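Just so it is clear, the structure is predicted and the values come from calculations on it, not from any experiment. This chain uses plain numbering: 1 for the first residue, then up along the sequence.
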Amino acid sequence: GYFAQDHEYDFEQGESLFDWMTRFTQEGDDDQAVRSMLGRLLFSGEDTKKSVKVLSGGEKGRMLYGRLMLQRTNVLLMDEPFSNLDARLRTGLVGELRGLLKKLGITTLIVTHDQHDAFGLADQLGYMNDGRLEQWDTPYDVYHRPRTRAVANFIGDGVMLPAIGKDGHWHTELGNIEDPAADGSAELLLRPDDLLHDDDSPTQARIVGRVFRGADFLYTVQLPSGLRVLALAPSHHDHHVGETLGFRLANDHLVVFRRD
């Protein structure tokens, strides 16, 4: 099966949601199977009576997911499947779609530029760079254990922290990090979740930017060297640009890129 980005032509006849979905039932499916599918796609009983022509782009996308599920395709290619959905619907539908695909045993290849969609749906994730597959791995390992600088720079937020290896430690501007293999000159990948907010920490830096994200703030702080790094803090810790932010290192996943 194929889920394309442009699917307006699929809804030209204008029948009701229920009748449109019924066209794609398989042997053994009854009306309840159609209603159940529409419910999983977050359509109410009243919604099913509407014409498909009045649906928004995101709603049409949800209908197409249902069609593909009813058709029970063995292999499915999806091209930017959530591009027309708002954030609330996207979060719910990503989890629902993953569950359905797992239950039906459908092998699915998803092409997307949205990392959150990829993290939420995929068992395995690949990153392509200039036509070359840089890494094929679990979403967790692509994020926490990127194999190349290109993967590290593209996936998630982060900066490269200069380090010198000596005596079993990486010596950095933020302190020393134990690593028996530490030697020579390198850069360490520093994710925002590697810096834990701690007002009592002796490590302090000036806030030069912040982004409120609901549950947390993403702060940009400037170190004495001028290097800017990212740090997360719960949103009830409301610090402003120009203030100092205390934090400590908590890098459980040490990612080292040695300098040539």
- Message: Which label fits H253 and Y140: parallel for a plane angle under 30°, tilted from 30 to 60°, or perpendicular past 60°?
- Response: perpendicular
N/O donor-acceptor pairs under 3.5 Å from side chains in residues 226-234, not counting sequence neighbours:
residue, atom, partner, partner atom, Å
R228, NE, Q222, OE1, 3.0
R228, NH2, Q222, OE1, 3.3

Side-chain ([X]) to main-chain ([Y]) donor-acceptor, under 3.5 angstrom:
{"X": "D194", "Y": "R191", "answer": "yes"}
{"X": "W20", "Y": "Q13", "answer": "no"}
{"X": "E134", "Y": "A150", "answer": "no"}
{"X": "R210", "Y": "L218", "answer": "no"}

- Query: Do R213 and D216 pass the salt bridge (Lys or Arg N to Asp or Glu O under 4.0 Å) test, and can you show the C-alpha distance, the side-chain angles, and the key distance before you say yes or no?
  - Reply: CA-CA 5 Å; R213 308 198 305 185; D216 56 41; 3.1 Å; yes
- Item | Criterion side chain to side chain donor-acceptor pair (under 3.5 Å) on T22 and D19, from CA distance to verdict | CA-CA 5 Å; T22 300; D19 290 340; 4.9 Å; no
- Item | Closest approach of W170 to A181 (non-hydrogen atoms, all atoms of both residues) | CZ2-O, 4.5 Å
- Note on the structure: In short, R145 meets Q135 closest at the heavy-atom pair O-NE2, 3.3 Å
- Message: Using a 4.5 Å cut-off between side-chain heavy atoms of Ile, Leu, Val, Met, Phe, Trp and Tyr, which other residues end up in the same hydrophobic cluster as M128?
- Response: L133, W136
- Rounded to the nearest 0.5 Å, what separation is found between the CD1 atom of I177 and the NE2 atom of H169? 9.5 Å
- CG of D167 to CD of E178: how many Å apart, nearest 0.5 Å? 12.0 Å
